[in-house]
J.: 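Here's a structure for you.
Below, chains carry the letters A, B, ... as their sequence lines are ordered, and counting in each starts from 1.
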Protein chains: 2
Amino acid sequence: MSGAANSWQAVRAEVLRRIRSREWAPGQPIPHEADLAQELGCARATVNRALREVAESGLIERRRRAGSRVALHPVRRATLDIPVIRMEIETRGEAYDFSLVSRAEEVPPPAIRARFKSAPEARLLHVVGLHMADGKPHALEDRWIDAQAVPGAGTTDFSQISPNEWLVLSVPFEGGDIAFSASVASPAEAEALGCPAGAPLFVTERATWRNEKTLTSVRLLFAPGYRLHTRL
Amino acid sequence: MSGAANSWQAVRAEVLRRIRSREWAPGQPIPHEADLAQELGCARATVNRALREVAESGLIERRRRAGSRVALHPVRRATLDIPVIRMEIETRGEAYDFSLVSRAEEVPPPAIRARFKSAPEARLLHVVGLHMADGKPHALEDRWIDAQAVPGAGTTDFSQISPNEWLVLSVPFEGGDIAFSASVASPAEAEALGCPAGAPLFVTERATWRNEKTLTSVRLLFAPGYRLHTRL
DNA sequence: CTCCAAAATATGTTCATACTTATTAGCATA
DNA sequence: TATGCTAATAAGTATGAACATATTTTGGAG
């Protein structure tokens, strides 16, 4: 027999083995927790823990009363770590620096206004800055902040600390969304990032909210060559 | 519901509240599981479950004997769903189609050979194809497969099923890595994707392995406008 | 036969308890 | 002072039992 030990990891390993070996085929139901527990010689709670982990990875689907079944179209799930930019750079052993490009209260363009659901003439704090690694441009940060909803934002000048880091440290938030895409450098962006106009830029756009209200929205343009990497 | 005072969700919510309110400040240790259990009137296992979830989200760090502490530099963790391309398109209600561009056994370029750790003269299966949504180009797939390590790959012609889907359905794998970046369309890529040369393309590069051996390596070029989106 | 309520059932959760393991701190030794 | 052993400790895990909850099945009423 394969899974002799009765740890939940061993149960998970055995479950994965059976799925990979097609002993349990895609779309088919797998034995009930109680049966598996008896077969593998452990408690149902142990099987439950193992199956919960497998379900989180997307390989099986579980429903009360209906039981568990091997997912028909396995969705791989990857977890991305999104660190504060300064940490990301310093972890690579490079020197971090941030320079503020502009900071102003402005009436946002329609796309941003829609995201904040703010009034047509309402002003938001608009901060642009450049993150640098070893003196070279790393990422251009273009951020809008609802100063009303973020206490202290209006009185921070962001020349000593990037809004990226200040917000992470100061503003508790409940949720957010993030999108990744590709763009080409406009002349102005190329100038700031020190790359040719038309160069491919990796873009992340993020919004974070609390109490149904958007607190801040940011667009990060990464200098050419940037790669976001993870295991799965 | 998650409202029950002594549910693990309630414990998690309380823990998150204390972190957000700075009652537990970044870098500081939080009470032991046993103490929290007593204070919140639940079992230690319940607290353990809650803290494990919070730790997975990156907000606290846990170490045996040392206890748990609020993370000093909170790393946001986002989970990305990476579906089979056909499913992704059909879920949006669009018609999926795949067309094979080329399929051949070739000696791979050095970058690919390094990834497969294959011998200098060794040949790999090279498959290029185009995924389409509602008749329009969606993504260009450029894939290398170790036909020796993937049974059946050599005899599948991939004109009826994309290598993307075939591999997901047929090949059990243990792990992989994935990277996201930006690129600009070369003339050939622009031709295939029906976009102007120089257009920004979102790129994913993935490798999957089993038993320390790389099974397949793929580069997906997404047509301009593609966005990868998730909650956090 | 259709529709709705009740029973059955598999997963989900909580609990008390016991044991395991990694890590630290303190102490003794070289 | 540096090093290695040992004990203390907090998280990690396992268990059986009980109850909760969602969902399907069944069976009865109309």
Side-chain angles (χ1 to χ4, degrees), chain A residues 1-16 18-19 24-72 74-75 77, chain B residues 1-16 18-19 24-72 74-75 77:
Chain A
M1 287 310 224
S2 29
N6 49 356
S7 69
W8 68 264
Q9 288 100 331
V11 173
R12 180 182 59 182
E14 174 62 11
V15 167
L16 290 177
R18 293 186 185 185
I19 293 173
W24 294 343
Q28 285 193 347
I30 72 175
H32 304 145
E33 288 187 350
D35 295 346
L36 269 178
Q38 185 167 26
E39 181 194 341
L40 300 176
C42 64
R44 187 170 79 89
T46 306
V47 173
N48 182 279
R49 171 79 190 268
L51 291 184
R52 179 155 43 80
E53 298 265 338
V54 177
E56 270 170 19
S57 80
L59 277 172
I60 66 173
E61 293 164 356
R62 321 193 69 197
R63 276 164 63 210
R64 283 190 183 173
R65 160 74 208 203
S68 305
R69 58 181 52 230
V70 180
L72 207 47
V75 172
R77 220 154 270 163
Chain B
M1 277 304 277
S2 57
N6 49 359
S7 70
W8 68 264
Q9 288 100 330
V11 173
R12 180 182 58 181
E14 175 62 12
V15 168
L16 290 177
R18 292 185 185 184
I19 292 173
W24 294 344
Q28 285 193 347
I30 72 175
H32 304 146
E33 289 187 350
D35 295 346
L36 269 178
Q38 185 167 25
E39 181 194 341
L40 299 176
C42 63
R44 186 169 78 91
T46 306
V47 173
N48 181 277
R49 171 77 191 268
L51 291 185
R52 180 155 41 81
E53 299 264 336
V54 177
E56 269 170 20
S57 81
L59 277 173
I60 66 173
E61 291 165 356
R62 321 194 70 198
R63 279 166 62 209
R64 284 192 187 179
R65 158 75 205 200
S68 305
R69 57 182 54 231
V70 180
L72 207 46
V75 172
R77 221 154 270 164

J.: Can you tell me how far apart OG (A:Ser68) and CG (A:Asn48) are? Round to the nearest 0.5 Å.
T.: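 Reported to 0.5 Å precision, the distance equals 9.0 Å.
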
J.: C:dT13, OP1 or OP2 - any side-chain N/O from B:Asn6 closer than 4.0 Å?
T.: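 Checking C:dT13 against B:Asn6, no side-chain N or O comes under 4.0 Å of OP1 or OP2.
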
J.: Could you measure the distance from the CD atom of B:Glu53 to the CD1 atom of B:Ile60? Nearest 0.5 Å is fine.
T.: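 Rounded to the nearest 0.5 Å, the CD-CD1 separation comes to 11.0 Å.
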
J.: I'd like a table of atom pairs between the protein and nucleotides 7-10 of chain D - only N or O on both sides, under 3.5 Å - with the distance next to each one.
T.:
unit_1 : atom_1 : unit_2  : atom_2 : d
D:dA8  : N3     : B:Arg65 : NH1    : 3.1
D:dT9  : O4'    : B:Arg65 : NH1    : 2.8
D:dA10 : O4'    : B:Arg65 : O      : 3.4

J.: Using atom CD of A:Glu61 as one end and atom P of C:dA10 as the other, report the distance to the nearest whole Å.
T.: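 It works out to 19 Å between those atoms.
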
J.: What do you reckon, is CD of B:Glu39 surrounded by more than 12 foreign heavy atoms closer than 6.0 Å?
T.: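 Buried by this count: over 12 neighbours within 6.0 Å.
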
J.: Return the CG to CD distance between B:Leu16 and B:Gln9, rounded to the nearest 0.5 Å.
T.: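 The CD atom of B:Gln9 is 12.0 Å from CG of B:Leu16, to the nearest 0.5 Å.
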
J.: Under a 4.0 Å heavy-atom cut-off, which of residues 42-55 of chain B touch DNA chain D?
T.: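 By residue number: B:Arg44, B:Asn48.
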
J.: Tell me: CZ of B:Arg62 to P of C:dT21, nearest whole Å?
T.: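 Interatomic distance, CZ of B:Arg62 to P of C:dT21: 18 Å.
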
J.: Let me see the working for B:Gln28 and B:Val70 under side chain to side chain contact (heavy atoms under 4.5 Å, CB included), right down to the final yes or no.
T.: CA-CA 6 Å; B:Gln28 285 193 347; B:Val70 180; 5.5 Å; no

J.: About how many Å separate CG of B:Leu59 and CZ of B:Arg77, when rounded to the nearest 0.5 Å?
T.: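 That separation rounds to 9.5 Å.
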
J.: Do other residues, nucleotides or ligands put more than 12 heavy atoms under 6.0 Å from the CD atom of B:Gln38?
T.: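 No.
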
J.: Return the value, rounded to whole Å, for the distance between atom CZ of A:Arg12 and atom P of D:dA14.
T.: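 Rounded to whole Å, this separation is 11 Å.
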
J.: What I want to find out is whether A:Glu33 reaches A:Arg52 closely enough, with some N-O distance under 4.0 Å, to be called a salt bridge.
T.: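 No salt bridge links A:Glu33 with A:Arg52.
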
J.: Name the nucleic acid region contacted by A:Gln9, choosing base, sugar-phosphate or nothing; use a 4.0 angstrom heavy-atom cut-off, strictly under.
T.: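 Answer is sugar-phosphate: A:Gln9 comes under 4.0 Å of backbone atoms only.
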
